[in-house]
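Have a look at the structure below before the remarks.
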2 protein chains.
Amino acid sequence: EAFFDYLRGLDCSDVEVYAIPEGSVVFPKIPLLRVEGPVAVVQLLETPFVNLINFASLVSTNAARHRKVAGKSKTLLEFGLRRAQGPDGGVGASKYCYIGGFDATSNVAAGKLFGIPLRGTHSHAFVSSYMSLDEITDKSLRRKDGSSTCEDFVSVVQTWLSKIQLLNGVFGETNQSELAAFTSYALAFPDNFLALVDTYDVMRSGIPNFCAVALALGDLGYKAVGIRLDSGDLAYLSCQARKFFCSIENEFGVPGFGKLIITASNDLNEETLDALNKQGHEVDAFGIGTYLVTCYAQAALGVVFKLVEINNQPRIKLSEDVSKVSIPCKKRSYRLYGKEGYPLVDIMTGENEPSPKPPTDGVVGVGKCWCMFSPACQVGERILCRHPFQESKRAYVVPQHVEELLRCYWPGKSGKKRETLPPLKEIRERCINQLEQMRPDHMRKLNPTPYKVSVSAKLYDFIHFLWLNEAPVGELQ
Amino acid sequence: EAFFDYLRGLDCSDVEVYAIPEGSVVFPKIPLLRVEGPVAVVQLLETPFVNLINFASLVSTNAARHRKVAGKSKTLLEFGLRRAQGPDGGVGASKYCYIGGFDATSNVAAGKLFGIPLRGTHSHAFVSSYMSLDEITDKSLRRKDGSSTCEDFVSVVQTWLSKIQLLNGVFGETNQSELAAFTSYALAFPDNFLALVDTYDVMRSGIPNFCAVALALGDLGYKAVGIRLDSGDLAYLSCQARKFFCSIENEFGVPGFGKLIITASNDLNEETLDALNKQGHEVDAFGIGTYLVTCYAQAALGVVFKLVEINNQPRIKLSEDVSKVSIPCKKRSYRLYGKEGYPLVDIMTGENEPSPKPPTDGVVGVGKCWCMFSPACQVGERILCRHPFQESKRAYVVPQHVEELLRCYWPGKSGKKRETLPPLKEIRERCINQLEQMRPDHMRKLNPTPYKVSVSAKLYDFIHFLWLNEAPVGELQ
């Protein structure tokens, strides 16, 4: 009971949290967060922080990888809610995929919560819920300009379907359930007609049915949006659909019909996008779900939370695996930029070491970041950057620009200035911009050049002093 | 606005939901849920149902697979919250891993919400937060029987450590930060001393420090619990630790010391458990996180929601991929059991077909399930079970016992009897029992015999009639 009273009395007023701004490109070993405060309170924060950061970082990264393969010109839609790992797995995925470079989500809750653009299409069930055109009772549709009303839109659709069938001479009967569903959808949303065309057969039924309805809408001044393909050979079908749209544009003189949007979905991931690119395709927008939101290729990220200093005493956690040895001390971290504007190396220093100095006139345009001018100094200071564990890996760096990475997001009652949390859209822009700023060889998929993460000479010496101090010396017999 | 009013007025009173009881073993194609009601309402339920069922089923299955590899005698602890895909990914994982056969979780919130047993150990940070034994101010510990108080428990620990060092003659100095942390932990929880022994060095520091504290506790009538290994070669270290515990039991005459519990963790999964089994190990309990809760080996399950009937009209969704063709009609599903008590085959029938009949005296003990006796019939009826899509795959089955799979969990206002939701523990027992009831060749890891999922002859004919009816006939030139 006393323990519960103790817990009840806890708050975070004695805690300070420093973090790298959300949407930043980050590298292993550089702390994402520095949390200072009473050890018991800070320990209680460990699991929530690690849980919240791990999946968010993972799924943003996964979204950015999908964007990189798809290319800038494509529209990327996150369609993953039904396959996500629980409801807030889904909502979180929608948010962080948007940050990572997706354009919209089909998750209405996430759209409402975070202001993410919403996009979606109707379902297969909508199509198969119709039996025939007879089920459509109100067949009238007002022209877009409001000048008159077409009393029998269904007949207009049927007339177009006959013309299309004559034009191609290869279609048997298309599926009437599907035609009824498309017609009904168009009557309800004449400005937003996007049809899912693979419920029965894409080329024999879905595409001609869609075109008939789209052409009928065109007669009344509306412009259809396009189609979604959700199965089959997406490269082949998208090319066939494009060809068909173009032939209609030419034969019937309907400008723009060839450019109708083709959306593709169906278990897409980085590999299938890459394969589609290689085969050639006519897809304008990709709807990606399962592989995106569950991070199927790597379902977990290994962010950890380590004690690095207590009562001003630096602490280290050792491990048989060197990559799991923690870097002791309350630290600062900086990103050093080179002449060409690319980030060169990240460096960690002790809290009280002087910060790396860029030349006073050498600031490159890297968006919002802290620029630390040293008025006395006209060239950037030469700094020795050391690999934290490999003695011989060292480099001198003269930075053109220095960005301090950790900023104060929770000052507790310290009175320090607290960074404002930018709106989601700015975080997304930061993420996209930072990814574009990376030197391309760090970003290539196969054998990327590792980005250098280093420590100052002073911190290097201290790490290894502490390591030897804490590791017991064996006695072999 | 009218649409929002419409949404506001919706409820599920016209909806009926039938489901296979939670914790059942299920197979592809057999509906997990049958949802009946107005199409618009039922469509709104699609995404929540699919989201909630997919991850829950996936992670339970993953837990059951881990249990199968680890064996019944081991304690399995779910340690995944920090790596789970979002907070409720973590809470959901804890719940469904318990159902799938885990024994406990380190997720306190899930323990409180669902009554799952809680288990955990201290962290590396707890160890490294100590510097030396001088930090322990209150060194007194009352004997377990309350008869007296030891005023300097720290000295008792130090004395034991010297004896251990003499005994083995191979230890240099152990890590004093670690010794202080263990001692402090034991003073706070003398009945629950479980030490994480790999912060600095398992064999040179963690194990001797642990043993010194455990022996000191023993002097005062307490029994230590054991150790946790979180890095390194778990097979080797667990065997070394066991050997060390046994040598202490023998040398110092401490009965039971050799049987102290060894818990292992560190990125465990089915493969590493299997490898540990093959190498031989002395681990009693496994703490499994990342690979378990994120279902790393397969991060998503493909449960879908299909329209099968509307206005008494059966509907089908076709696909170029036969496995994605939906099975039309409002259906019933049954599990047919054979003579040996194993499930033989699942069969789907139309809603109004007569149910398969077991012999009146042939009920085998399969726990709680609906037994449908046919008083007129002394042997089970011979039923033709057909593969839904492959014409030649058929079998006659004479069931010894028949279990209807779908039960009513939400009757809406239909007045039907509603199944009660059993407590979590019963669901877990159902799951474990059902898995044990499966014929072993269905359950083996490599090339398991596929379990048969079938349809009645009548349903088979109808599926194929509807398929031909809906699929457009091509015209090749």
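Just so we're on the same page: letters track the sequence lines, and every chain starts at 1. All of these numbers come straight from a predicted model, not from anything done at the bench.
The contact between A:Val303 and chain B is made entirely by backbone atoms, counting heavy-atom distances below 4.5 Å. For A:Glu46, the part lying under 4.5 angstrom from a heavy atom of chain B is the side chain only. For chain A, no part of B:Asp233 is nearby; none of its heavy atoms comes within less than 4.5 Å. Contact of A:Leu301 with chain B is made through the backbone alone, with heavy-atom distances under 4.5 Å. Of the two parts of B:Tyr130, only the backbone, made up of N, CA, C and O, holds a non-hydrogen atom closer than 4.5 Å to a non-hydrogen atom of chain A. Contacts between A:Asn51 and chain B at a heavy-atom distance below 4.5 Å involve backbone atoms as well as side-chain atoms. With a 4.5 Å cut-off on non-hydrogen atoms, A:Ile310 touches chain B through its side chain but not through its backbone. With a threshold of 4.5 angstrom between heavy atoms, B:Val308 does not approach chain A through any atom at all.
Between chain B and the residues A:Ala471, A:Gly232, A:Ser129, A:Ser231, the largest count of heavy-atom pairs under 4.5 Å involves A:Ser129. Ranked by heavy-atom pairs under 4.5 Å with chain B, the list A:Gly89, A:Ser128, A:Ala300 is led by A:Ser128. Put simply, of B:Ala56, B:Pro48, B:Pro87, the one with the most heavy-atom pairs under 4.5 Å next to chain A is B:Pro87. Across B:Arg315, B:Gln313, B:His124, B:Glu178, the residue that shares the most heavy-atom pairs under 4.5 angstrom with chain A is B:Arg315. By number of non-hydrogen pairs under 4.5 angstrom with chain A, the leading residue of B:Cys295, B:Ala299, B:Ser123 is B:Ala299. Chain B forms the most heavy-atom pairs under 4.5 Å with one residue out of A:Lys306, A:Gln298, A:Gln43, and that residue is A:Gln298. Ranked by heavy-atom pairs under 4.5 Å with chain B, the list A:Leu81, A:Thr47, A:Asn311, A:Val59 is led by A:Leu81. In terms of heavy-atom pairs under 4.5 Å with chain A, the best-connected choice from B:Gln176, B:Glu309, B:Met131 is B:Met131. Heavy-atom pairs under 4.5 Å with chain B were tallied for A:Val91, A:Val325, A:Leu58, A:Thr199; the largest tally goes to A:Thr199. Heavy-atom pairs under 4.5 Å with chain A peak, among B:Phe305, B:Phe49, B:Tyr296, at B:Tyr296. With chain B as the partner, the residue from A:Gly80, A:Gly302, A:Ser326 showing the most heavy-atom pairs under 4.5 Å is A:Gly302.
Between A:Val304 and B:Arg83, some side-chain heavy-atom pair lies under the 4.5 Å cut-off. Residues B:Arg82 and A:Leu52 have side chains not in contact (no heavy-atom distance under 4.5 Å, counting atoms from C-beta outward).
Of the possible donor and acceptor atoms, one in the side chain of A:Gln85 sits under 3.5 Å from a partner among the backbone N and O of B:Thr294. Of the possible polar contacts, none joining the A:Asp88 side chain to the B:Gly86 backbone as a donor-acceptor pair under 3.5 Å is found.
Taking NZ from B:Lys324 and CG from A:Asp230, the interatomic distance works out to 5.5 Å, rounded to the nearest 0.5 Å. In this structure, CG on A:Asn175 lies 5.0 Å from CD on B:Glu470, to the nearest 0.5 angstrom.
Of the residues listed (A:Asn209, A:Asp201, A:Thr174), the one engaging B:Pro472 in a side chain to side chain contact (heavy atoms under 4.5 Å, CB included) is A:Asp201, and it is the only one.
Taking every heavy atom of both residues into account, B:Ile316 and A:Tyr200 meet most closely at O-CE2, 3.7 Å.
Counting non-hydrogen atoms of other residues, nucleotides and ligands closer than 6.0 Å to OH of B:Tyr236 gives a total of 12 or fewer.
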